[in-house]
Amino acid sequence: MYAQMVKATGSDVKSLEDMTDEERAFQERIDRDEKIEPKEWMPEGYRKTLIRQIGQHAHSEIVGQLPEGNWITRAPTLERKAILLAKVQDEAGHGLYLYCAAETLGVSRDELTEMLLDGRMKYSSIFNYPTLTWADMGAVGWLVDGAAIMNQVPLQRTSYGPYARAMVRICKEESFHQRQGYDAIRKMAEGTPAQKKMAQDALNRFWYPSLMMFGPSDKDSVHSAQSMAWKIKMNTNDELRQKFVDQTVPQAEYLGLTVPDPDLKWNEDRGHYDFSQPDWSEFFDVLKGNGPCNVDRLAARNKAWDDGRWVRDGLMAHAQKKSARKHAAE
Ligand code: BYC
């Protein structure tokens, strides 16, 4: 299995023969689908890759609250407001499960947060796009959460125990999120001509950024080969992107909306849709900080961190006082 993978991705992943005894034993455990737990030996690269991926994922959940949080006060009905509020709170919870999983690898949540705030760590490119209308709340739930689930369901089988277990809970909630998004956009698509136009406009703006969520095409993905060998990733970026397109196009058709891709076509021979790639230069530009909302998103997170300092300081002072009292009593 491991040898096949290395061959399939044509990577510079170490072969079993080139590994140390410890590395080989570790790889064999991965190949047997054993879970790796926090205190066990792991290659430094495995630990670092997990911290990068889980940390980036956690940051995405936290920053991902901002585009939807933007619409809580303007939701069209009390019911939609309550649902959106619950969803945004769920994203905060996902961030916390993931920070906890990352902490088992020897990095603190504060360190991870500081790396997000000073730009050393990334978050998903999708959250650098604005949410301009209520229909965008539907599009985010349907497409963004839809893409997130496509990527996260396989991660329930990822090799690192705390990450896999966090993903089980997250996936349950994400599928509710996706359904609520689809329901919200369906309401718009079945509404007045103006509402249908808003739904189509949201699909037009979110389609390609959603395809970008899966990461660069396989030939440009620097981490995929090693991450797949370690089962930190279970599929390549292109495999998941294709699955997402195959699943989403019939949903758009059901809504009577048009996917903004003139080359989109069912390919009978492949058993998949052929589709246009996103503009990859735009993707890399967004990663460099030049998307429409990068500056605003980081400013909002920095402000939240600064405004919350007194709470963290207060909690720390309380904890120190409590521990000093306990020591004095012993
Ligand atoms: N955005 O070698 P590659 C959600 C970076 S949100 C930004 O293929 P990898 C939700 C990548 O980090 C979904 N950066 O990387 C929340 C690397 O740069 P570095 C979050 C991206 O890691 C609220 C470089 O490009 N989900 O759930 O093997 C509301 C080369 O890429 C992106 C996760 O994070 C991107 N889209 O594969 C609603 C899932 N793509 O780090 C929804 C877990 C790539 O070397 N993560 N880059 O500087 C993964 O599965 C993988 O990390 C990725 C990328 C598939 C995203």
Side-chain angles (χ1 to χ4, degrees), residues 9 11 45 48-70 84 87-98 101-102 115-116 119-129 131 136-137 139-156 158 160 163-164 166-167 170-171 173-178 180-181 206 208-241 244 278 280 282-289 291 294 297:
T9 52
S11 76
K48 282 198 176 138
T49 303
L50 277 171
I51 291 177
R52 182 184 61 79
Q53 182 168 312
I54 301 174
Q56 176 172 312
H57 193 166
H59 298 327
S60 303
E61 300 284 355
I62 298 299
V63 178
Q65 295 177 96
L66 296 170
E68 289 178 291
N70 183 34
L84 186 61
K87 177 184 190 286
V88 172
Q89 283 176 338
D90 282 354
E91 310 298 359
H94 298 174
L96 298 187
Y97 308 153
L98 288 162
M115 286 194 273
L116 166 71
R120 276 176 293 156
M121 281 187 89
K122 295 188 166 75
Y123 57 90
S124 182
S125 49
I126 188 74
F127 302 118
N128 292 308
Y129 290 86
T131 44
D136 288 9
M137 291 303 92
V140 168
W142 171 36
L143 301 172
V144 175
D145 289 81
I149 305 175
M150 195 54 84
N151 168 286
Q152 290 168 8
V153 164
L155 290 178
Q156 295 176 102
T158 191
Y160 188 57
Y163 190 23
M167 291 320 303
I170 292 177
C171 282
E173 291 172 354
E174 290 290 12
S175 49
F176 151 72
H177 295 174
Q178 196 268 352
Q180 73 80 32
F206 276 93
Y208 287 105
S210 300
L211 297 187
M212 292 176 193
M213 286 176 71
F214 297 95
S217 63
D218 291 351
K219 66 178 172 37
D220 295 320
S221 167
V222 283
H223 302 293
S224 280
Q226 182 61 74
S227 290
M228 286 179 68
W230 278 331
K231 296 189 185 162
I232 289 174
K233 270 170 94 161
M234 308 304 288
N235 303 87
T236 73
N237 301 350
D238 285 337
E239 277 169 12
L240 291 174
R241 193 170 4 256
F244 173 75
W280 289 116
E282 176 183 318
F283 170 77
F284 287 113
D285 213 32
V286 170
L287 258 54
K288 278 194 222 131
N294 294 59
R297 300 300 186 227

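First listed ligand is number 1; within each ligand, the first listed atom is number 1. Heads up: numbering here begins at 1 and tracks the sequence. Just so it is clear, the model here is predicted, and its values are computed rather than measured.
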Is there any N or O on Asp220 that sits under 3.5 Å from an N or O of ligand 1?
no
Would you say Glu61 has any N or O atom under 3.5 Å from an N or O of ligand 1, going by distance alone?
yes
Is there a polar contact between ligand 1 and Glu68, counting only N or O atoms under 3.5 Å apart?
no
I'd like to know whether ligand 1 has Phe284 as a neighbour, heavy-atom separation below 4.0 Å.
no
When only distance counts, is Pro216 in polar contact with ligand 1, meaning an N/O pair under 3.5 Å?
no
Any heavy atom of Ser125 under 4.0 Å from ligand 1? The part involved is both
Within reach of ligand 1, part of His57 (heavy-atom separation under 4.0 Å)
both
At under 4.0 Å between heavy atoms, is it the side chain or the backbone of Arg52 that contacts ligand 1, or both, or neither?
side chain
Considering both backbone and side-chain atoms of Asn151, is one of its nitrogen or oxygen atoms within less than 3.5 Å of a nitrogen or oxygen in ligand 1?
yes
Can you check whether Ser221 has an N/O within less than 3.5 Å of an N/O in ligand 1?
yes
With heavy atoms and a 4.0 Å threshold, my read on which part of Asn237 contacts ligand 1 is side chain
For ligand 1 and Ser227, I'd like to know whether there is a polar contact (N/O to N/O, distance under 3.5 Å).
no
Lys233 versus ligand 1: do any nitrogen or oxygen atoms come within less than 3.5 Å of each other?
yes
So for ligand 1, is Asp145 a polar contact partner (N or O within less than 3.5 Å, distance only)?
no
Passing option when Asp145 is tested against Gln152, Gln178, Lys87 for side chain to side chain donor-acceptor pair (under 3.5 Å):
Lys87
Touching ligand 1 at all, Gln152? Heavy atoms, strictly under 4.0 Å?
yes
Can you confirm, on distance only, whether ligand 1 has an N/O atom lying under 3.5 Å from any N/O atom belonging to Phe127?
no
In chain order, what residues pass the side-chain contact (heavy atoms from CB on, under 4.5 Å) check against Lys219, with sequence neighbours excluded?
Ser217
Check Arg241 with Asp238, please: is the shortest side-chain N to carboxylate O separation under 4.0 Å?
yes
Please name all residues satisfying side-chain contact (heavy atoms from CB on, under 4.5 Å) with Asn235, sequence neighbours left out, ordered by chain then number.
Pro154, Glu239, Leu240
